[in-house]
Amino acid sequence: MAVLYPTRIQELPDVPTFKELGYPQLSKAGWFGVWSRPDAPVEIQQKLRDVTLAFFQQPDVQKRIRALGMEPGGAMTSEELTADLQEAYQKQAALLKSINYRPQ
């Protein structure tokens, strides 16, 4: 048994990470994302971001996140999220190619 997170998680302190077990490629933190329309006014996008971040900072919400086996983390900028999604896409594509996956 191992966790996918890059570090051990609070709810399972004795469970190692895949990285610790020699699988550094299996290291990814879970996350939540909130999107708006790309043409939404910048002020609306910023308000949505502020409200969302405030929500996730609430102690009860942080407790619920931990109960799901996740660790509350920091916020990403739009640019960081885009880069993260592109990296995940490339890794998934490489994995599928390595096993000669063909959709049916």
Side-chain angles (χ1 to χ4, degrees):
M1 183 183 291
V3 296
L4 189 63
Y5 264 62
T7 59
R8 291 188 183 207
I9 60 174
Q10 183 176 328
E11 293 294 313
L12 300 168
D14 297 328
V15 177
T17 66
F18 277 106
K19 187 176 180 178
E20 289 176 293
L21 296 177
Y23 302 96
Q25 71 277 23
L26 296 176
S27 178
K28 186 67 177 167
W31 53 267
F32 298 96
V34 177
W35 281 262
S36 68
R37 294 177 49 104
D39 60 347
V42 173
E43 312 81 55
I44 301 297
Q45 291 181 34
Q46 188 60 50
K47 180 67 174 176
L48 178 60
R49 179 180 174 79
D50 293 345
V51 168
T52 302
L53 292 176
F55 172 79
F56 280 105
Q57 292 304 314
Q58 295 177 57
D60 286 351
V61 174
Q62 300 246 329
K63 184 177 178 181
R64 284 190 270 165
I65 290 170
R66 284 192 175 92
L68 292 170
M70 299 174 76
E71 287 293 323
M76 287 189 211
T77 64
S78 294
E79 294 78 16
E80 290 168 330
L81 179 57
T82 298
D84 187 68
L85 290 170
Q86 287 174 338
E87 178 185 347
Y89 176 83
Q90 290 169 355
K91 284 183 178 180
Q92 238 359 65
L95 172 65
L96 293 172
K97 185 176 181 178
S98 76
I99 63 170
N100 295 318
Y101 175 78
R102 300 282 184 256
Q104 297 182 17

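All of these numbers come straight from a predicted model, not from anything done at the bench.
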Engineer: Output a table of donor-acceptor pairs, distance under 3.5 Å, between side-chain atoms of residues 40-50 and any protein atom two or more places apart or on a different chain; print 'none' if there are none.
Structural biologist:
unit_1	atom_1	unit_2	atom_2	d
Gln45	NE2	Ala40	O	2.8
Gln46	NE2	Asp50	OD1	2.8
Arg49	NH1	Met76	O	2.8
Arg49	NH2	Met76	O	3.4

Engineer: Answer with yes or no whether the hydrophobic clustering places Val3 together with Leu68; edges join I, L, V, M, F, W, Y residues whose side-chain heavy atoms lie under 4.5 Å apart.
Structural biologist: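 The answer is yes; both residues are in one hydrophobic cluster.
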Engineer: Could you check whether any side-chain heavy atom of Leu81 comes within less than 4.5 Å of a side-chain heavy atom of Trp31, counting everything from C-beta outward?
Structural biologist: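 With C-beta onward as the side chain, the pair touches.
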Engineer: Pairs of donor and acceptor atoms involving the side chains of residues 10-18, under 3.5 Å and at least two apart or interchain, shall be tabulated with distances.
Structural biologist:
unit_1	atom_1	unit_2	atom_2	d
Gln10	OE1	Arg66	NE	2.8
Thr17	OG1	Lys19	N	3.4
Thr17	OG1	Glu20	N	2.9
Thr17	OG1	Glu20	OE1	3.3

Engineer: Extract all donor-acceptor atom pairs below 3.5 Å that involve side chains of residues 92-104 and protein atoms in other chains or at least two apart in sequence.
Structural biologist:
unit_1	atom_1	unit_2	atom_2	d
Ser98	OG	Leu95	O	2.7

Engineer: Measure across Pro6 and Ala29 and return the closest heavy-atom pair with its distance rounded to 0.1 Å.
Structural biologist: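 In this case the closest contact between Pro6 and Ala29 is CD-N, 3.8 Å.
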Engineer: Is there a path from Tyr5 to Met1 through hydrophobic residues (I, L, V, M, F, W, Y) whose side chains come within less than 4.5 Å of each other?
Structural biologist: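 Yes, Tyr5 and Met1 fall within the same hydrophobic cluster.
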Engineer: Pairs under 3.5 angstrom only: tabulate donor-acceptor contacts from the side chains of residues 53-61 to other protein residues two or more places apart or in another chain.
Structural biologist:
unit_1	atom_1	unit_2	atom_2	d
Gln58	NE2	Phe55	O	3.4

Engineer: Using the rule that Ile, Leu, Val, Met, Phe, Trp and Tyr join whenever any side-chain heavy atoms are under 4.5 Å apart, tell me whether Phe32 and Ile9 fall into a single cluster.
Structural biologist: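 Yes, because Phe32 and Ile9 connect within a single hydrophobic cluster, where side-chain heavy atoms sit under 4.5 Å apart.
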Engineer: List for me each residue that meets side chain to side chain contact (heavy atoms under 4.5 Å, CB included) alongside Ser78, sequence neighbours excluded, and say none if there are none.
Structural biologist: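 Result, side chain to side chain contact (heavy atoms under 4.5 Å, CB included) vs Ser78: none returned.
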Engineer: Taking only residues two or more places apart in sequence or in another chain, which ones pass side-chain hydrogen bond (donor to acceptor under 3.5 Å, both in side chains) with Gln62?
Structural biologist: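 With sequence neighbours excluded, Gln62 shows a side-chain hydrogen bond (donor to acceptor under 3.5 Å, both in side chains) to no residue whatsoever.
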